[in-house]
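Notes to accompany the following structure.
For the single chain, residues carry numbers from 1 onward in sequence order.
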Amino acid sequence: MTETDGRLARGERTRTAVLDAAVALASEAGLDGLSLGQLAERLHVSKSGLFAHWASKEELQLAAIEHAREQWRRLIVLPALEQPRGVRRLFALHEARLAFYTARTLPGGCFFANAEFEFTGRTGAVPDRLVVILSEWIELLERLVTEAVELGELPPTTDVRRLAFEVDAAGVAALLHSRLLARSCDDARLAVLGRLRELTSVPDLLPAP
């Protein structure tokens with residue numbers, strides 16, 4: 001039993017290492033740039049060993065998507081949800097996203113932004129899953145805006161969908177410009193902070209500009 005447990009643990013470590021590498025590579029070269037051979041060479045493992053985990057390129061792509069989703073949840077969503085409900089939580093989510101980009105957690109900046117551009121207009125299991133995850137993200141933003149309205153921290157006339165879009169758009173712009181414009185994440189932070197302080201009835205809940 002101990003020997004079996006050891007093999008399972010080693011297999012799981014290998015799987016995690018491969019998916020870490022796959023997400024990093026896809027953030028630069030795209031999901032279509034993934035191959036079991038390329039990953040095996042990068043990680044110095046046998047290609048045949050990787051086939052024990054994924055029988056096809058599509059299976060590897062879908063596994064990489066789930067791994068990237070979990071990374072996003074762990075490093076961005078969960079820390080933000082530790083903040084009080086309302087404008088503080090909404091702004092914390094935006095700040096956590098920008099911190100993810102600033103830290104260069106992934107060499108290409110963002111797995112999902114790259115994948116979204118790559119698979120726009122395509123059909124199949126991979127783009128279908130990307131649509132679900134993007135929808136989850138937008139729904140989370142809208143839920144946090146709604147909570148702030150319900151708490152009275154944002155006015156009842158707030159256009160929830162539009163404000164969620166503005167917050168998301170600031171994050172996308174920060175990512176796209178971050179390689180060339182050093183202040184892009186700072187500008188995105190101040191843009192959303194200014195917008196929320198302008199709208200909220202309790203601006204002292206948020207940092208000073």
Side-chain angles (χ1 to χ4, degrees), residues 12 14-43 45 47 50-51 53-81 93-144 161 164-181 184-185 188-189 192:
E12 186 58 32
T14 298
R15 186 178 189 277
T16 299
V18 173
L19 289 176
D20 284 342
V23 169
L25 179 62
S27 75
E28 293 184 291
L31 278 168
D32 275 342
L34 289 181
S35 74
L36 292 173
Q38 186 178 25
L39 289 172
E41 182 178 351
R42 176 172 292 197
L43 293 167
V45 298
K47 180 178 177 181
L50 297 185
F51 275 111
H53 297 283
W54 306 283
S56 68
K57 183 174 181 177
E58 183 178 80
E59 284 188 13
L60 174 62
Q61 289 174 328
L62 290 169
I65 290 171
E66 298 309 315
H67 198 68
R69 177 180 180 272
E70 173 57 25
Q71 181 187 62
W72 188 272
R73 186 187 73 89
R74 176 170 47 86
L75 297 180
I76 297 173
V77 175
L78 291 183
L81 294 182
L93 185 67
H94 181 60
E95 281 198 304
R97 179 187 190 176
L98 297 179
F100 182 88
Y101 297 153
T102 301
R104 303 292 186 197
T105 307
L106 295 176
C110 181
F111 174 94
F112 289 107
N114 209 353
E116 185 179 350
F117 285 117
E118 184 181 9
F119 282 87
T120 295
R122 295 165 65 172
T123 59
V126 171
D128 286 351
R129 185 58 184 151
L130 290 171
V131 167
V132 170
I133 292 175
L134 176 60
S135 297
E136 287 178 348
W137 170 248
I138 298 302
E139 288 167 6
L140 173 61
L141 286 168
E142 292 179 352
R143 176 166 66 83
L144 298 192
R161 184 175 177 180
F165 177 85
E166 290 175 10
V167 174
D168 183 54
V172 172
L175 171 69
L176 293 180
H177 299 318
S178 60
R179 289 300 181 90
L180 298 178
L181 302 176
S184 63
C185 283
R189 178 183 183 275
V192 171

Mind checking what makes salt bridge (charged side-chain N to carboxylate O under 4.0 Å, His left out) contact with [X], not counting sequence neighbours?
{"X": "Glu66", "value": "Arg129"}
{"X": "Arg122", "value": "Asp32"}
{"X": "Glu59", "value": "none"}

Separation of [Y] [atom2] from [X] [atom1] (nearest 0.5 Å):
{"X": "Lys57", "Y": "Leu62", "atom1": "NZ", "atom2": "CG", "value": "12.5 Å"}
{"X": "Gln71", "Y": "Leu19", "atom1": "CD", "atom2": "CG", "value": "11.0 Å"}
{"X": "Leu141", "Y": "Arg161", "atom1": "CG", "atom2": "CZ", "value": "13.0 Å"}
{"X": "Leu130", "Y": "Phe119", "atom1": "CG", "atom2": "CZ", "value": "6.5 Å"}
{"X": "Ile133", "Y": "Arg73", "atom1": "CD1", "atom2": "CZ", "value": "12.5 Å"}
{"X": "Phe100", "Y": "Leu75", "atom1": "CZ", "atom2": "CG", "value": "6.0 Å"}

message = Taking side-chain contact (heavy atoms from CB on, under 4.5 Å) as the definition, give me every residue that meets it alongside Ala22, ordered by chain and number, with sequence neighbours left out.
response = Leu34, Leu39, Ala64
query = With sequence neighbours excluded, what pairs up with Val172 under the side-chain contact (heavy atoms from CB on, under 4.5 Å) test?
reply = Arg97, Asp168, Leu176
request  = Provide the closest heavy-atom pair for Asp20 versus His67 in the form atom of the first, atom of the second, distance.
outcome  = OD1-NE2, 2.6 Å
request  = Might you point out which heavy atoms bring Val77 and Leu93 nearest each other, and give the distance in Å?
outcome  = CA-CD1, 4.0 Å
query = For the side chain of His94 and the backbone of Ala188, is there at least one donor-acceptor N/O pair under 3.5 Å apart?
reply = yes
Qualifying residues under side-chain hydrogen bond (donor to acceptor under 3.5 Å, both in side chains), relative to [X], sequence neighbours excluded:
{"X": "Arg143", "answer": "Glu147"}
{"X": "Arg189", "answer": "Glu95"}
{"X": "Glu58", "answer": "none"}
{"X": "Asp128", "answer": "none"}

ask   = Going by the salt bridge (Lys or Arg N to Asp or Glu O under 4.0 Å) test, which pairs reach into residues 132-142, not counting sequence neighbours?
value = Arg69-Glu136
query = Trp137: what forms a ring pair (Phe, Tyr, Trp, His ring centres under 6.0 Å) with it, not counting sequence neighbours?
reply = Trp72
Just distance, no hydrogens or angles: give the donor-acceptor pairs under 3.5 Å from side chains in residues 106-116, sequence neighbours left out.
{"residue": "Asn114", "atom": "ND2", "partner": "Ala26", "partner atom": "O", "Å": "3.1"}
{"residue": "Asn114", "atom": "ND2", "partner": "Ser27", "partner atom": "O", "Å": "2.7"}

